[in-house]
Every structure is written in structure tokens, then in C-alpha cells.
Asks: 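Got a structure for you, written out below as C-alpha cells; questions coming shortly.
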Amino acid sequence: MPLKKLLVLGIPLAGSLTLPLAVPLLMKQAGIGAGVGLILVVSCLWFALMLRFAEMPEHS
């Protein structure tokens, strides 16, 4: 399977599994501000990666 196909499949799955696990763990260690900061940074990067590797239909 080509690398782009793996990225198209893996990026949404990785983000949806890791973000809900990482935020509470960070909030427990560093506080609410760090958790909110992590959500903002990771969500923006995750969204940008999903847009970058999205498969759009070709126009005919």
C-alpha cells in the first residue's frame, strides 16, 4: 500500500485516539492551561495534516 494511502487512513485515527488520552494526562501533570494549549496546537496541526493528505475527487 502506498505511503499516501496509509497517511490518509492513519492521520484521522491517530488524532482521534491520542488527543483524548494526552490531554487529561497533561492536565494532571501541568494544569488546565497546558491542556488547553495542547488541544489548540495539536488540533491545528492535525487539521492541517488531514487537509494536506486528503483525497479529493478529480474534476472532469
Side-chain angles (χ1 to χ4, degrees):
M1 186 178 285
L3 180 62
K4 185 169 180 174
K5 288 277 189 187
L6 288 173
L7 288 172
V8 168
L9 293 171
I11 289 172
L13 182 63
S16 64
L17 292 175
T18 58
L19 191 62
L21 294 173
V23 171
L25 293 174
L26 182 67
M27 289 175 89
K28 182 179 176 185
Q29 297 291 325
I32 294 174
V36 171
L38 179 70
I39 289 172
L40 290 173
V41 170
V42 172
S43 296
C44 289
L45 290 173
W46 182 42
F47 185 70
L49 279 172
M50 288 197 330
L51 285 177
R52 169 68 176 93
F53 292 106
E55 290 188 354
M56 302 300 285
E58 294 183 21
H59 298 287
S60 53

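What's counted below: heavy atoms across the whole structure, side chains too, no hydrogens, waters or symmetry copies.
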Asks: Do the side chains of V36 and L38 join up, straight or via other hydrophobic residues, at under 4.5 Å, putting them in one cluster?
Replies: yes
Asks: What's the shortest heavy-atom distance between L13 and L9, and which atoms?
Replies: CB-O, 3.9 Å
Asks: Give a yes or no on whether W46 and I39 share a hydrophobic cluster (residues Ile, Leu, Val, Met, Phe, Trp, Tyr; joining criterion: side-chain heavy atoms under 4.5 Å apart).
Replies: no
Asks: Quick check on the hydrophobic clustering: are L26 and L19 connected, directly or via other members, by side-chain heavy-atom contacts under 4.5 Å?
Replies: yes
Asks: Shortest non-hydrogen contact from G15 to P20?
Replies: O-CD, 3.9 Å
Asks: Taking atom CG of L45 and atom CD1 of I11, what is their separation to the nearest 0.5 Å?
Replies: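 Here the rounded value is 11.0 Å.
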Asks: Hydrophobic clustering (ILVMFWY, side-chain heavy atoms < 4.5 Å, transitive) - are L49 and L3 grouped together?
Replies: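 Hydrophobic grouping puts L3 with L49.
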Asks: For L40, is there any backbone N or O sitting under 3.5 Å from a side-chain donor or acceptor partner on S43?
Replies: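 Pair absent, no side-chain N/O of S43 close to backbone of L40.
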Asks: Linking I/L/V/M/F/W/Y whenever their side-chain heavy atoms sit closer than 4.5 Å, directly or via other members, would V42 and M27 fall into one cluster?
Replies: yes
